Amino acid sequence: MASLPPIGWVRHNFLPPSETFIYAALSALTEAEVDVRVFAINRRSKQKFPDAQVTALTEQRFGHLEAAQYWLTGTSRSHRAWASSVRLIHAHMGYTGAHAVRVATERALPLVTSFYGRDVTLAHARARLSPAYLPYTLMQKRLFERGDRFVVLSEHMRAALVAQGCPEHKTRVVRIGIDPNRFTPVDGSVRDAATFRVLLVGREVQKKGFDDGLRACAQAAAALEPEGIQLKVTLLGTGGPLEAALRALGRQLELDVDWPDPSTRVPEAMRQADVLLVPSRTADNGDQEGTPTVICEGGAAGLPVVATRHAGIPDQIDHDRTGLLVAERDIEALAEALVVLARQPERRVAFGRAARQKVIREFSIAAHRDGLLSVYEELLASWERTKK
């Protein structure tokens, strides 16, 4: 790999606790001796994401005034100084890319923008006119014109972005990546056949489809009870806006649900599970998943996955090999898939082994890092040629 010049990353909030995938990519690049310098409005989750070179506006003198200037104009003094220290800008989230256009143009820097899910579906959502996203709505066409590369997580996301006017030749698919070594796969033996443990993980928001998942679990539990199989559910959430409603639904369904503390480590929760349930769906406001990190994590932990054919999920799961896929919002099909795996523990084990192999092969952080490096090297080389 040729030595790269400093790379500038932009994420306005660095980082929400759920965005471990962005930090993992940054760490992998840093370990590969790539100099990554981050620009942000706010520095968040320092304890969870400690190792990064971050210029955060709100930590500067008169930072809140400068942050307001940046939000309104797309640049500021600290922003321009940061941009002068890098040779390529990589904006994370489409709406962040819209703010990066001006400084990339002023400093004559190549611009990469990564899309992750919500930013793709935003074009059709009511939220596009809210203050938080209006700059992107107004600047999307300009971003597509000026931006040099657009990184997406799946072919589904690529097609959606192209349909909105993004030039297809500028798009690149770089799959999400995780560190499989964080997860200890199951030992391959079949545990207590009289108990079937179902795990759901994620923020309690509508697109996660957890209400569909709980209803499916209730139906599966009723079908398995006469066979002497007890279904137990664990929902490891983050305290999202639908938490209270989901707890009420669990009580209404008379379902055996464990609600661990949100600080519970995902690998530990996965070691206790027999199957991962991911019942994602398109939310009422149009919001969709990208490629859920939790599916990669479940595969790394050797868990079979029952999920919906939603967004980029079919790229992550090989149906009837690493898991089972059903249509969005098909609660009966979700329940049936759970019953099938509850009755066939050896099949669960085989699915889990194949899932871990797929994650290592296609969704490891090393593969993600190499994909990003390929985009950077290709773009920097072409940028240099145009300057000669």
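Here the structure is a predicted model, which is why all the values come from computation and not from measurement.
- To the nearest 0.5 Å, atom CD of residue E59 and atom CG of residue N42 are 8.5 Å apart.
- Distance check, rounded to the nearest 0.5 Å: CG of L57 to OH of Y70 gives 7.5 Å.
- Annotation for K48: atom NZ counts as buried by contact number, over 12 foreign heavy atoms lying within 6.0 Å.
- Clustering ILVMFWY residues whenever any of their side-chain heavy atoms sit less than 4.5 angstrom apart, transitively, puts V306 in the very cluster that holds V257.
- Under a 3.5 Å cut-off, the side chain of D330 and the backbone N or O of A333 do form a donor-acceptor pair.
- Taking a 6.0 Å sphere around NE2 of H319, one finds it holds more than 12 heavy atoms contributed by other residues, nucleotides or ligands.
- F183 and L200 fall into different hydrophobic clusters, where Ile, Leu, Val, Met, Phe, Trp and Tyr are joined by side-chain heavy atoms under 4.5 Å apart, directly or via other members.
- Between Q53 and D35, the side chains place a donor N or O and an acceptor N or O closer than 3.5 Å (distance only, hydrogens not considered).
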### Task
Let me see the working for Y376 and H90 under ring pair (Phe, Tyr, Trp, His ring centres under 6.0 Å), right down to the final yes or no.
CA-CA 9 Å; Y376 295 161; H90 183 173; 5.6 Å; yes
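- Ion pairing between D318 and K358 holds under the 4.0 Å rule for side-chain N and carboxylate O.
- Nearest heavy-atom pair, W71 versus I41, reported as atom, atom and distance to 0.1 Å: CE3-CD1, 3.9 Å.
- With W82 contributing its side chain and A40 its backbone, the two residues share no donor-acceptor pair below 3.5 Å.
- Checked against the 6.0 Å centroid threshold, F14 and H92 do not count as a close aromatic pair.
- Neither side chain, Q206 nor D287, offers a donor N or O lying under 3.5 Å from an acceptor on the other.
- Between S27 and D51, every side-chain heavy-atom pair lies at or beyond the 4.5 Å cut-off.
- Here the side chain of R102 pairs a donor or acceptor atom with the backbone of T73 at under 3.5 angstrom.
- Ion pair E378/R172 flagged as a salt bridge, since at least one NZ, NE, NH1 or NH2 atom sits closer than 4.0 Å to an Asp/Glu carboxylate oxygen.
- For the atom pair CD (E297) and OG1 (T293), the distance works out to 6.0 Å, reported to the nearest 0.5 Å.
- Summarising the local packing, CD of Q230 is surrounded by more than 12 heavy atoms from other residues, nucleotides or ligands at distances under 6.0 Å.
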### Task
Kindly indicate, with the supporting measurements, whether the criterion side-chain contact (heavy atoms from CB on, under 4.5 Å) is fulfilled by Y136 and D119.
CA-CA 9 Å; Y136 174 66; D119 41 5; 5.5 Å; no
### Task
Dump the intermediate steps for salt bridge (Lys or Arg N to Asp or Glu O under 4.0 Å) on R265 and E268, then the final yes or no.
CA-CA 6 Å; R265 296 180 67 248; E268 176 60 30; 5.8 Å; no
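- The pair E106-R80 does not count as a salt bridge, with every side-chain nitrogen at least 4.0 angstrom from each carboxylate oxygen.
- When side chains are defined from C-beta on, R107 counts as touching V103, because their heavy atoms get closer than 4.5 Å.
- For the pair R369 and E31, the salt-bridge criterion is not met [side-chain N within less than 4.0 Å of a carboxylate O].
- Judged by distance alone, the side chains of E66 and Q60 never bring a donor and an acceptor atom under 3.5 Å apart.
- Heavy atoms only, all atoms of each residue included: P226 and A223 are closest at CD-O, 3.5 Å.
- We find that D320 and R347 are joined by a salt bridge, their nearest charged nitrogen and carboxylate oxygen being less than 4.0 Å apart.
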### Task
Verify side-chain hydrogen bond (donor to acceptor under 3.5 Å, both in side chains) between R175 and S154, making sure each step is shown before the conclusion.
CA-CA 7 Å; R175 299 182 187 279; S154 68; over 6 Å; no
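- Within a 6.0 Å radius of CZ in R361, other residues, nucleotides and ligands contribute more than 12 heavy atoms.
- Judged by distance alone, the side chain of R348 and the main-chain N or O of L341 form a donor-acceptor pair under 3.5 Å.
- Annotation: F39 is not in aromatic contact with H99 [ring centroid separation under 6.0 Å not met].
- Side-chain contact between P5 and L380 is present, with at least one heavy-atom pair separated by less than 4.5 Å.
- Salt bridge status for E227 with R343: present, with a side-chain N to carboxylate O gap under 4.0 Å.
- Residues L246 and L214 have side chains in contact (heavy-atom distance under 4.5 Å, counting atoms from C-beta outward).
- Placement of V36 and F21 within a single hydrophobic cluster is found when ILVMFWY residues are connected by side-chain heavy-atom separations under 4.5 Å, directly or transitively.
- Considering only heavy atoms from C-beta on, V86 stays 4.5 Å or farther from I7 through its side chain.
- With a 4.5 Å cut-off on side-chain heavy atoms, L236 and P262 do not count as touching.
- Atom CZ of residue R87 and atom OG of residue S85 lie 8.0 Å apart, to the nearest 0.5 angstrom.
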### Query
What do the steps show when you test F150 against T113 for side-chain contact (heavy atoms from CB on, under 4.5 Å), and what is the final call?
CA-CA 5 Å; F150 297 91; T113 303; 3.9 Å; yes
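- With a 4.5 Å cut-off on side-chain heavy atoms, V278 and V305 count as touching.
- Judged purely by atom type and a 3.5 angstrom limit, T105 uses its side chain to pair as donor or acceptor with the backbone of V101.
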### Worked verdict on V339 versus L224 for side-chain contact (heavy atoms from CB on, under 4.5 Å)
CA-CA 7 Å; V339 169; L224 293 169; 4.0 Å; yes
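- Atoms CD1 and OG1, on I317 and T322 in that order, are 6.0 Å from each other to the nearest 0.5 Å.
- L325 approaches P314 most closely through the heavy-atom pair CD1-CA, 4.2 Å.
- Under a hydrophobic-cluster definition in which Ile, Leu, Val, Met, Phe, Trp and Tyr are linked whenever side-chain heavy atoms come within less than 4.5 Å, directly or via other members, L143 and L379 are assigned to the same cluster.
- Shown are K208, H310, R281; of these, the side-chain hydrogen bond (donor to acceptor under 3.5 Å, both in side chains) with E289 is made only by K208.
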### Message
Between I365 and I178, does the side-chain contact (heavy atoms from CB on, under 4.5 Å) criterion hold? Intermediate values first, please.
### Response
CA-CA 5 Å; I365 191 60; I178 67 160; 5.8 Å; no
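- Side chains of T282 and Q288: a donor-acceptor N/O pair is present below 3.5 angstrom, by distance only.
- Between R43 and L15 the shortest side-chain heavy-atom distance does not fall below 4.5 Å.
- For the residue pair A283 and K207, the shortest heavy atom distance occurs at CB-N, 4.1 Å.
- In this structure, CD on Q69 lies 5.5 Å from OG on S76, to the nearest 0.5 angstrom.
- Hydrophobic clustering (side-chain heavy atoms under 4.5 Å, transitive across Ile, Leu, Val, Met, Phe, Trp, Tyr) groups I313 together with F115.
- The two residues K232 and T195 have their closest heavy-atom pair at CD-CG2, 4.1 Å.
- For the pairing with V233, the side chain to side chain contact (heavy atoms under 4.5 Å, CB included) check across L255, L277, D256, D258 returns one residue only, L255.
- Salt-bridge check for E155 with R158: passed, with a basic side-chain N closer than 4.0 Å to an acidic carboxylate O.
- The minimum heavy-atom distance between P279 and L334, with the atom names listed, is CB-CD1, 3.9 Å.
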